[in-house]
Trainee: 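Quick one: this structure, given as structure tokens, is what I'll be asking you about.
Treat the numbers as computed from the prediction; the structure is a model and nothing was measured. Only heavy atoms go into these numbers, but all of them, side chains included; no hydrogens, no water, no symmetry mates.
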Amino acid sequence: MPGHTSEVTAAGIARLAGVGRAAVSNWRRRYDHFPQPVGGTETSPTFALPEVERWLRAHGKLAEVPLRERLWQLVESDRDGPAAAVARLGDQLLQHGDRPPGGADEAADATARLAAGTSPAEAFDFLLGRHLDAAARQLTLTPPDVASLMAALAGPADSVYDPACGPGTLLAAARSADGTPPPELHGQDADPLLAHLCGLRLALHGSHSVRVRPGDTLLADAFPQLAADAALCHPPFNERHWGHAELSYDPRWEYGLPARTESELAWLQHTLARLRPGGTAVILMPPAVAARRTGRRLRSSLLRRGTLRAVIALPTGAAPPHSLPLHLWVLRKPDPTSPTAAEPRLLVVETGNVTSRAPGARAGDGLDWPALHRTVLTAWTAFDRDGDLPARPGVHRALPVIDLLDDEVDLTPARHLPPPGHTTGGSALTAVQRDLQETLRRTLELAPVPVPPGDVPAGAPHWSTVTVGELARSGALELHPTDPPPTRPGDILVPLFHDGSAAPYVVPDSDAGATPERHTGLLRPDPTALDPWFLAGFLRGSANTRQASSYASSAGRIDLRRLKVPRLPLPLQRRYGSRFAELAAFENALAQAAALGRRLAQGTVDGLTEGTLPPGDDGP
């Protein structure tokens, strides 16, 4: 790229040097001779890559740049933008494999070398994955775990269709009966560049027939004669200009004209129209579609004809938008040649009760996806085979369609499921009572024992203290007050808004890899200098949080850099840390006892009101 100087962000500099972004910010503050920004914005500046490399080399901070990182630096600085660069390099991989084309520039050569060491498909997956990570705020992407679940629900197929394919995540997850990519894949997307990237992704992974077209699917359908075996779709949500007026008499509206505010039901019917009879569609939906009054008649029509087979509620944050517990709708296009059930049923599944999330983890992260997949697929496979399924409280139930055809036709799974652990019988409540008694016993054993009065030291100790900011500057810990990385064991998650409801949390081995939620800072102490439990305990002190808080609102915001801890030798830190860990175990047991107590009380109330428990002897 003659005449064009490659630029790099602060995050890119951190990768070059093998340090955290906080270290780069520290260098900019401390060293006047650090390269000045040449572009970007005030909050996200960019720097000339050659200048940065010279500075890092001169100061002994330049790590050996891996081939992947060098390639991505070149892609990020491409004058046409990263997306166009990824598409151009993908075309190169499809045409030339791991051989650089004649006259190749540095990016093309690096791409060919990466493909030679892995494969063309893996090289493109790296480029596309990095681009999608960087553009996640601008794109609505289907997470891989959700995509694999949708593909498994649809089952093996020889031809699969996605009318809103984006970068092809759903089509890439689809499989044929032998576990390989389906022989035929069809996709369409309104963004021509995304459609191109999707086609490259699928072709490089060996699909025999890939047809991906750009264009508005509802207004300019690229596959009007398609009859696919299966369809997977994550449609745009809440569209207001999807073509309601132009498409009023469209033959795709077999179940009724969708309301202007029900764009998702327009996408649903379009998807059904491109299936063969007996074909299966799995569609990701916002939860409001299951209950909005404007879609009541259309939902009723889907139920009456046996087309809608299952509604599966995912945990909050499983897919964007992360603030909503999205639903998966499983539909089967009626086949006139197949017998219909005498009493059709709808399977409803609630997965929020079968997953767990690490404390402080962002919604959607830290979920037990294998457990979620097993729960959903076991229920769906049995229901699809038998047409019925025994109920599991709080998780799944097969409902007679006739019971849903009321004035609301509300298909929200939670509305039709008793809560998990719903126990109203005497034997079940006796088991809950035993668990409560055992937990209360353990809580008492863990309760902190006051120090005998004679052992209490006179006055508070005169400790020398150090702030978290100073510890970060000295290298004793990494400080990530915003955009923290995935967690590691021994990390400390600190709520940035102090309202008394949450405390600093030491990440155990079982919770590693979660992405902290918003408004949570992360501290990563050097274990040779700081004990994590010691640090977490002192950060939690009332005086500490009070002096580091800004009470501009009802919950004070914590400035992590201002929090203080005493300067103590590591052996003494560990003694304090052991005590703080014991207190955390006590609090956990106390919370479990409270939950069991509420469950016992509510179960007894429900048993009395539902008639499964007698009221006991008459009072005086």
Side-chain angles (χ1 to χ4, degrees), residues 94 119-121 124-125 142 144-189 194-215 217 221-235 252 254 267-284 306-310 312 328-340 373 376-378 380-385:
L94 192 60
S119 70
F124 184 73
D125 284 348
T142 310
D145 287 307
V146 175
S148 63
L149 176 59
M150 294 174 67
L153 286 166
D158 289 335
S159 60
V160 182
Y161 173 54
D162 183 350
C165 62
T169 306
L170 288 173
L171 290 173
R175 289 292 177 266
S176 60
D178 61 2
T180 60
E184 295 182 14
L185 294 172
H186 310 266
Q188 186 169 352
D189 198 88
L194 278 180
H196 185 53
L197 293 173
C198 173
L200 287 170
R201 178 184 194 173
L202 301 175
L204 283 165
H205 276 275
S207 296
H208 302 299
S209 175
V210 176
R211 294 199 300 162
V212 181
R213 304 287 184 264
T217 297
D221 182 14
F223 305 102
Q225 305 304 317
L226 182 64
D229 296 329
L232 305 170
C233 184
H234 180 175
R252 288 173 289 184
E254 185 177 347
W267 282 93
L268 178 150
Q269 290 196 84
H270 166 84
T271 304
L272 280 172
R274 297 297 166 259
L275 288 176
R276 64 164 175 80
T280 302
V282 184
I283 305 178
L284 191 63
T307 304
L308 181 58
R309 305 290 291 136
I312 300 161
L328 293 177
W329 286 30
V330 184
L331 306 106
R332 180 149 303 141
K333 187 168 183 175
D335 185 352
T337 64
S338 298
T340 57
H373 278 223
V376 171
L377 295 176
T378 300
W380 166 249
T381 301
F383 174 79
D384 193 37
R385 180 189 64 236

Trainee: Say whether, by atom type as modelled, one donor and one acceptor occur between the side chain of R201 and the main chain of P167 under 3.5 angstrom.
Mentor: yes

Trainee: Of the non-hydrogen atoms in V282 and M150, which two are nearest, and what is the gap between them?
Mentor: O-CE, 3.3 Å

Trainee: Is a donor on one side and an acceptor on the other found under 3.5 Å between the side chain of T142 and the backbone of T169?
Mentor: no

Trainee: List the atom of C233, the atom of W267, and the distance in Å for their closest heavy-atom pair.
Mentor: SG-CE3, 4.4 Å

Trainee: Rounded to the nearest 0.5 Å, what's the gap from CD on Q269 to CG on L331? Could you check?
Mentor: 10.0 Å

Trainee: Taking all non-hydrogen atoms of both residues into account, name the closest pair between P235 and A164 and its distance.
Mentor: CA-CB, 4.3 Å

Trainee: Closest heavy-atom contact between S176 and P181?
Mentor: OG-O, 4.0 Å

Trainee: Using side-chain heavy atoms (C-beta onward) and a distance below 4.5 Å, is I283 in contact with L328?
Mentor: no

Trainee: Please find the pair of heavy atoms, one from A174 and one from P182, that lie closest to each other, and give the distance.
Mentor: O-CD, 3.4 Å

Trainee: Hey, are the side chains of C165 and V212 touching, using non-hydrogen atoms and a 4.5 Å cut-off?
Mentor: yes

Trainee: To the nearest 0.5 angstrom, please state how far the CZ atom of R175 sits from the OG1 atom of T180.
Mentor: 7.5 Å

Trainee: Looking only at heavy atoms, which two atoms of D189 and G166 are closest? And how far apart?
Mentor: OD1-N, 2.8 Å

Trainee: So do the side chains of E254 and L272 get within less than 4.5 Å of each other, counting heavy atoms only?
Mentor: no

Trainee: When you look at F124 and L94, which way does the side chain to side chain contact (heavy atoms under 4.5 Å, CB included) test go after all the steps?
Mentor: CA-CA 9 Å; F124 184 73; L94 192 60; over 6 Å; no

Trainee: Without swapping roles, check the side chain of H196 against the backbone of P214 for a donor-acceptor pair under 3.5 Å.
Mentor: no

Trainee: For the backbone of L171 and the side chain of D162, can you confirm whether one donor and one acceptor N or O come within less than 3.5 Å of each other?
Mentor: no

Trainee: Does any non-hydrogen side-chain atom of I312 lie less than 4.5 Å from one of L153?
Mentor: yes

Trainee: Does the pair E184 and D158 meet the rule for a side chain to side chain contact (heavy atoms under 4.5 Å, CB included), with working shown?
Mentor: CA-CA 6 Å; E184 295 182 14; D158 289 335; over 6 Å; no

Trainee: With D221 as reference, evaluate R213, R274, R252 under the side-chain hydrogen bond (donor to acceptor under 3.5 Å, both in side chains) test and give the passing residue.
Mentor: R274

Trainee: Using the rule given for side chain to side chain contact (heavy atoms under 4.5 Å, CB included), can you reason through L275 versus Y161, listing the C-alpha separation, both sets of side-chain angles and the distance that settles it, and then say yes or no?
Mentor: CA-CA 8 Å; L275 288 176; Y161 173 54; over 6 Å; no

Trainee: Please determine whether side chain to side chain contact (heavy atoms under 4.5 Å, CB included) holds for the pair H205 and D125, giving the CA-CA distance in whole Å, both sets of side-chain angles, and the decisive distance to 0.1 Å.
Mentor: CA-CA 10 Å; H205 276 275; D125 284 348; 2.8 Å; yes

Trainee: OG1/T307 to CG/L268 distance, rounded to the nearest 0.5 angstrom?
Mentor: 9.0 Å

Trainee: For residues R332 and D384, determine if any side-chain heavy atom of one lies less than 4.5 Å from a side-chain heavy atom of the other.
Mentor: yes

Trainee: Check whether T381 reaches the backbone of T378 with its side chain - one donor and one acceptor, N or O, closer than 3.5 Å.
Mentor: no

Trainee: Hey, can you tell me if F383 and W380 have their rings parallel, tilted or perpendicular (30° and 60° cut-offs)?
Mentor: tilted

